[in-house]
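Reading through the C-alpha cells given below for one structure.
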Amino acid sequence: MNNYWDPFEYNKLKLLLNPGKVESILKVSKGEKQYDDLFPISIDLHLTTACNLKCSWCTDQLLMKKVSTMATEKAYSLLDEFAAHNTGVTLEGGGEPTLHPHFSEIVDYAFNKGICLGLITNGVRNIDKDIYKFRWVRVSLDSCNEKQYLQEKGKNYFSEVLKNLSNFSKARNPQKTFLGVGYVITKRNMEYLEKLIDELDEIGVDYIYFRPVEEAEDILPSVEEMLNLKKDLLNWTEGKRIKHLINIYDRVVKNNNHLPCVAHSLTSIIHADGTVNLCEKRRHDEICLGNVNETSFEELWNSDIRRLASNKLLCADCQNGCDVCRVTGFNDVFYRLQNINTSQFI
C-alpha cells in the first residue's frame, strides 16, 4: 500500500467545502470584485513568543527577541470573531503556544465556542488532557535520537517528547483528533529515519510531515537528496498505518510561480503582540494590516490598508521574492479555474 499522502492535493479538496470563499476569490481574480471580504478559512494565532527550545534554524528568532504574550481577554475576543465566521484556528508559531500562562483556558474557550482547533507544538509539555479538544495536533520533532535533537533543537527533550506523543495518542479519540509529527530536514538529521518511522507507527502517530529547512543554506539538503528521501519513504512506510508527507514543491517553484496572489485571503496570521500580517512568508516585503489590540480583526480585514494590499498582490510582478509559500499552489488552482471554458462539461 502506498502511504504517501499529498498535502496539497488534500488541501485542494477542502476548497470544495468552502464554495462561498472560492466564489468570492474567483470574482476578485476575474475583476468582478475589488477584494475578498469574507473571513479567512483559517487563522494562525500566536499566543506567545516564549519558547523552551533553541532551534538554530528557527525562522521566528527575530520575533522571539521581543517577548510578547497575548492577553487572555484579547484571545477570547478574537475567538468570538472567528466563531461567528466559522474560521478555523491554529495555535502555533512565534514561540511555543503551550507556554502561554492560560493556554488551557484559551483552548477551553475556543472548544466551547465550537471552533475547529489545530495545534503545532514542540511536544515538550504534556497536554494530554486537552488533546481531545483539537481536530489535529502536530508535534515538531525534527530528529531521530537524542544526539540529533540536541544538535537541532539546542536542548535535549527527545525522550520526553516521544513519551508525550505516546500520551497524546492514548488520550485522544483517533476518529476526532489527527496526530502528526513535523520534521524539518537538514543535512544533519537524515540518518536513522527508518527506525524513527517504526517507533512513531508503534506509538500510533497518523503521519510524519517532512519539509526542508528554510533560510539556512549551509544545512539545506539538495533537491536530489530530498527526492531520494521521497523514494526511501515509500519503502519505509510500506505496510504500516503511518502515512508520510514530503514537501519539495516549495523548493523548486519560485516567485509565486509568477501568478497574482489571489489566494492570500484563505488565511492570515496574528502575532502575539497583536499585529496582523497578510502573509507569514512575505519577509522581503511585509504587509501588516494593523494591530488587534487597537481594533477588531474584522475592521482590519476590511480596512483600506487591506484593500490596497489586495490590489497590490494582484500584480504578478509583486511576487518576486515570494518563495517557500503554501499559497502558491492555491493561486495556481484559481488561475486554472478562471481560465476553464468548459465548466459545464464533465
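- Using modelled atom types, one finds no donor on one side chain facing an acceptor on the other under 3.5 Å when comparing His100 with Thr48.
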Step by step, would you call Asn302 with Tyr35 a side chain to side chain donor-acceptor pair (under 3.5 Å)? CA-CA 9 Å; Asn302 290 293; Tyr35 76 110; 2.7 Å; yes
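- Side-chain N/O atoms of Thr98 and Glu96 include a donor and acceptor closer than 3.5 Å.
- Through chains of ILVMFWY side-chain contacts below 4.5 Å, Tyr335 is grouped with Leu259.
- Salt-bridge check for Lys312 with Asp285: passed, with a basic side-chain N closer than 4.0 Å to an acidic carboxylate O.
- Salt bridge Arg306/Asp37: absent, no basic N to carboxylate O contact under 4.0 Å.
- Under 3.5 Å, the side chains of Glu105 and Thr72 contain no donor-acceptor pair of N or O atoms.
- In this structure, a donor-acceptor pair under 3.5 Å is present between the side chains of Asn256 and Thr328.
- Going from atom OG of Ser268 over to atom CD1 of Ile41 covers 13.0 Å, rounded to the nearest 0.5 Å.
- We find that Glu214 and Arg211 are joined by a salt bridge, their nearest charged nitrogen and carboxylate oxygen being less than 4.0 Å apart.
- Counting only N and O atoms by type, the side chains of Glu92 and His46 include a donor and acceptor under 3.5 Å apart.
- Salt bridge Asp36/Lys27: absent, no basic N to carboxylate O contact under 4.0 Å.
- Between the side chains of Gln338 and Ser29, at least one donor-acceptor pair of N or O atoms lies under 3.5 Å.
- A donor-acceptor pair shorter than 3.5 Å cannot be found between the side chains of Tyr149 and Asn189.
- Between Lys113 and Asp80 there is a salt bridge, since at least one side-chain N of the basic residue sits less than 4.0 Å from a carboxylate O of the acidic one.
- A parallel orientation is assigned to the rings of Phe39 and His85, their planes being inclined by less than 30° (bins at 30° and 60°).
- Thr121 places none of its side-chain heavy atoms less than 4.5 Å from the side chain of Ser140.
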Lys33 and Ser24: CA distance, side-chain angles, deciding distance, side chain to side chain donor-acceptor pair (under 3.5 Å) verdict: CA-CA 8 Å; Lys33 197 173 180 180; Ser24 181; 2.6 Å; yes
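- Between Lys133 and Asp128 there is no salt bridge, since no side-chain nitrogen of the basic residue lies less than 4.0 Å from a carboxylate oxygen of the acidic one.
- Checking Tyr192 against Asn145 by side-chain atom types alone, no donor-acceptor pair falls below 3.5 Å.
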Please evaluate residues Phe134 and Phe111 with respect to the criterion ring-ring contact (aromatic ring centres under 6.0 Å, His included), reporting the C-alpha separation (whole Å), side-chain torsions for both, the decisive distance (0.1 Å), and the verdict. CA-CA 8 Å; Phe134 293 94; Phe111 181 74; 9.0 Å; no
